[in-house]
2 protein chains.
Amino acid sequence: MPNNQFKKGELYSFITGKASTAIARRLQKNFKQANVDITIEQWSVLYHLWKQDGMSQQQLCDATFRDKPSITRLVDNLEKLKLVKRVASKNDRRINMIYLTKEAQQLQEQTMEIANQTLNEALQGVTNGQIEIAKEVLQNVYENLK
Amino acid sequence: MPNNQFKKGELYSFITGKASTAIARRLQKNFKQANVDITIEQWSVLYHLWKQDGMSQQQLCDATFRDKPSITRLVDNLEKLKLVKRVASKNDRRINMIYLTKEAQQLQEQTMEIANQTLNEALQGVTNGQIEIAKEVLQNVYENLK
DNA sequence: TTTGAATAGTTGCTTAAACAACTATATGCC
DNA sequence: GGCATATAGTTGTTTAAGCAACTATTCAAA
């Protein structure tokens, strides 16, 4: 493989992920404007629980690409906010199953709408074909490194 | 513009930026293996100073897409590591100009090589054409939101 | 020229990430 | 059964991000 496939000056945007930072900030701002008082990291955990309620912390680690201490503390904070509950598994007492509260269930529709709007703001002027290719590249990078 | 340009299930990878997180982690790991004891955030500041030594903190904010407190503290830590020096501007006493030390200058070649290798690992199997489109999309997103 | 606004940087606070070290429970093998 | 190992989760520590509030300096306009 050629060692210098890319010009050095082009490295930076790939490594720093300014685009995803910008999306994250905008989403946080849009949550705040709608008086939704959660962080985007907390939202990303809820996102997976909305898809499947009752996941173990380890499953949340895999789903959100975070390590175990990060999930422990995100779940701590979500519990303080009364958005999730830890329930010890009866089959395997090492495992905490995480369940959404009613309050968290009620957040789904509103916050998914805000996330959709945020993505529409972010992707103005970008064609669906370009988006598909960008997603493939990002997925490929993720697979190469995980 | 249509309101639901994207399927909801496709949102997540865009918002969370798993790919850039993965690149960042791999770069950090590769620095560590080479006994380069700096964080990727510190490296990203040095990166811009290698391109142009003697920038103000505000210029570093713009270049690295960080806010002022973040740069204050990154410069604090880089000063502790003796990699940069703050020099008060004589023209405008509000401004700190940040200069690389000799130690930091010596880090450039090695760490840029590691960054190049890391990108090559990340982008295996991705064509230059795909990379160009992905970069355009990410740049477009950044412009839309900044 | 003085007063109000803008700019550059710092500090305090909360949230989160990464890593290492730790506890508790389960599993597999002899 | 008992011991080594793997798995699930927690705690401690350092680094960093984001926001608000703050100080110091400069600029601009009356």
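Sequence lines set the chain letters: A, B, ... in the order given, protein chains first and strands last, and positions in each chain run from 1. Keep in mind the model is a prediction, meaning the values are calculated, not measured.
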Count I, L, V, M, F, W, Y as connected when their side-chain heavy atoms are under 4.5 Å apart, and connections chain through other members. Are A:Leu27 and A:Leu81 then in the same cluster? yes
Per nearest nucleotide of DNA chain D, the residue lying toward the 5' end, B:Ser70 or A:Gln59, is A:Gln59
How does the hydrophobic cluster around B:Leu138 look, that is, which other residues are in it when side-chain heavy atoms under 4.5 Å mark a link? none
Of the residues in residues 61-69 of chain A, which ones touch DNA chain C at a heavy-atom distance under 4.0 Å? A:Arg66, A:Asp67, A:Pro69
What pairs with B:Ala63 under side chain to side chain contact (heavy atoms under 4.5 Å, CB included), at least two apart in sequence or on another chain? B:His48, B:Met55
Side chain to side chain contact (heavy atoms under 4.5 Å, CB included) involving B:Val87 - partner list, sequence neighbours excluded: B:Tyr99
Nearest heavy-atom pair of A:Ala104 and A:Trp50: which atoms, and what distance? O-NE1, 3.1 Å
Under a 3.5 Å threshold, yes or no: a donor from one side chain and an acceptor from the other, between A:Gln58 and A:Asp62? yes
Nucleotide C:dA18, atom C1' - distance to CD of B:Glu41 in whole Å: 10 Å
What salt bridge (charged side-chain N to carboxylate O under 4.0 Å, His left out) pairs are there with at least one residue in residues 65-82 of chain B, not counting sequence neighbours? B:Asp76-B:Arg86, B:Glu79-B:Arg86
Taking only heavy atoms on the protein side, list every residue of residues 71-84 of chain A lying under 4.0 Å from any atom of DNA chain C, sorted numerically. A:Arg73, A:Leu74, A:Asn77
Can you list the residues that meet the side chain to side chain contact (heavy atoms under 4.5 Å, CB included) rule with A:Arg25, with sequence neighbours excluded? A:Thr21, B:Phe65
Sub-4.0 Å heavy-atom contacts from residues 86-98 of chain A onto DNA chain D, ordered by number: A:Arg86, A:Arg94, A:Ile95, A:Asn96
What's the verdict on side-chain contact (heavy atoms from CB on, under 4.5 Å) for B:Leu46 and B:Val84, showing C-alpha distance, side-chain angles and the deciding distance? CA-CA 8 Å; B:Leu46 297 178; B:Val84 304; 4.0 Å; yes
Should A:Thr39 be listed as having a side-chain N or O under 4.0 Å from OP1 or OP2 of C:dA16? yes
Would you say A:Asn96 and A:Gln57 are linked by a side-chain donor-acceptor pair, where the criterion is simply a distance under 3.5 Å? yes
For B:Asn30, which residues count as a side chain to side chain contact (heavy atoms under 4.5 Å, CB included) partner, sequence neighbours excluded? B:Arg26, B:Gln33, B:Ile114, B:Thr118, B:Glu121
What parts of residues 27-35 of chain A reach DNA chain D, counting only heavy atoms under 4.0 Å away? A:Lys32
According to ring pair (Phe, Tyr, Trp, His ring centres under 6.0 Å), does anything in residues 100-121 of chain A pair up with another residue at least two apart or in another chain? List the pairs. none
Boundaries of the chain B footprint along DNA chain D (any atom under 4.0 Å from a heavy atom): D:dT15 to D:dT26
Decide whether B:Ile98 and B:Leu107 are clustered together by the hydrophobic rule: side chain heavy atoms of Ile, Leu, Val, Met, Phe, Trp, Tyr closer than 4.5 Å, transitively. yes
